[in-house]
Amino acid sequence: MALPGVQVLLAFLLTVPFSSQFDQVRGESRSIFVAAITLAALASILLIAPVVHHRLRFRDGTKEEMIQTANRLALGGTTCIALAIGCAVYVVGDAAFSDSPARWIGPATVVVAGLTWYLLPLRFREDQTPAPD
């Protein structure tokens, strides 16, 4: 499910430098924008990788290794998505409300993604621990 979202984000980010307003993006926001594109591209690569691995290793008897690798790649991909979204939101906040706290909504978005995507599921895993007899 994450792959279509990151592909839309990447496609949008790739078009932004060709808009007439992009010249107004200056300084650190321009660098953070490049980071957003790079992170979105990495997320796309990491999320597509398990499909390629499966095609190349189908019926090789490496199912468990492929599952573990796919899990790691998916976690890396979602981490890159969270960071790319945060970077993009930071640039938008800085462009719309420069020199205001609005640009810090981007980093806050990364924190929310980390809490809901990683910590919340881990909390449920701890809640499922069977009670001793």
Side-chain angles (χ1 to χ4, degrees):
M1 288 302 298
L3 186 56
V6 76
Q7 289 175 322
V8 168
L9 176 63
L10 178 59
F12 172 75
L13 290 172
L14 288 172
T15 65
V16 171
F18 300 102
S19 73
S20 60
Q21 301 294 323
F22 187 71
D23 289 338
Q24 296 175 2
V25 177
R26 298 271 181 238
E28 74 179 18
S29 285
R30 198 171 270 258
S31 298
I32 292 173
F33 180 80
V34 171
I37 290 175
T38 303
L39 288 162
L42 286 172
S44 192
I45 290 167
L46 291 171
L47 292 170
I48 292 169
V51 175
V52 177
H53 291 203
H54 183 262
R55 288 293 99 209
L56 292 172
R57 304 295 309 273
F58 187 67
R59 299 204 190 273
D60 278 356
T62 59
K63 182 177 180 179
E64 188 59 36
E65 292 86 0
M66 284 197 312
I67 290 171
Q68 290 176 2
T69 300
N71 185 54
R72 288 185 197 108
L73 291 167
L75 290 174
T78 55
T79 299
C80 287
I81 290 172
L83 293 170
I85 291 169
C87 288
V89 172
Y90 177 90
V91 172
V92 170
D94 191 43
F97 306 100
S98 65
D99 299 327
S100 81
R103 62 186 177 171
W104 297 106
I105 294 171
T109 303
V110 174
V111 171
V112 170
L115 291 172
T116 56
W117 292 352
Y118 300 106
L119 291 181
L120 187 61
L122 292 175
R123 180 173 168 247
F124 286 129
R125 184 181 350 178
E126 291 170 5
D127 289 346
Q128 298 300 321
T129 305
D133 291 329

Reported CG-to-CD1 distance for the pair Leu10 and Ile37, which is rounded to 0.5 angstrom: 7.5 Å
Over 12 non-hydrogen atoms of neighbours within 6.0 angstrom of CZ in Phe12: no
Linked hydrophobic residues, Val110 as query - side chain contacts closer than 4.5 Å: Leu39, Leu83
Shortest non-hydrogen contact from His53 toward Met66: O-SD, 3.8 Å
Short side-chain to backbone donor-acceptor contact, Ser98 and Ala95, under 3.5 Å: no
Crowding at CZ, Arg30 (>12 non-hydrogen neighbours, <6.0 Å): yes
Single-linkage hydrophobic cluster, 4.5 Å side-chain cutoff, Leu14 and Leu46 together: no
Value rounded to 0.5 Å, distance of CD1 in Ile67 from NE2 in His54: 9.0 Å
Val6 reachable from Val52 in the ILVMFWY side-chain graph, under 4.5 Å edges: yes
Transitive ILVMFWY side-chain link Ile32 to Leu42, under 4.5 Å: no
Atom of Ser29, atom of Val91 and distance for their closest heavy-atom approach: O-CG2, 3.4 Å
Nearest heavy atoms of Ala88 and Leu13, plus distance in Å: CB-CD2, 4.2 Å
Shared hydrophobic cluster for Leu3 and Val51 (ILVMFWY, side-chain gaps under 4.5 Å): no
From Ile48 atom CD1 to Gln7 atom CD, the distance as rounded to the nearest 0.5 Å: 5.0 Å
Which residues share a side chain to side chain contact (heavy atoms under 4.5 Å, CB included) with Gln21, sequence neighbours left out: Ser19, Gln24
Any donor-acceptor N/O pair, Thr109 side chain to Ile105 backbone, under 3.5 Å: yes
Identified side chain to side chain contact (heavy atoms under 4.5 Å, CB included) counterpart of Trp117 within the set Val112, Thr79, Ile81: Ile81
Residue pairs, two or more places apart or on separate chains, that pass salt bridge (Lys or Arg N to Asp or Glu O under 4.0 Å) and touch residues 63-85: none
Shortest non-hydrogen contact from Cys87 toward Ala36: CB-CB, 3.6 Å
Inter-residue atom distance Leu75.CG - Tyr118.OH, 0.5 Å rounding: 5.5 Å
Common cluster, Val16/Val25, ILVMFWY with side-chain heavy-atom separation under 4.5 Å: yes
Spatial distance of atom CD (Gln68) from atom OG1 (Thr62) [nearest 0.5 Å]: 11.0 Å
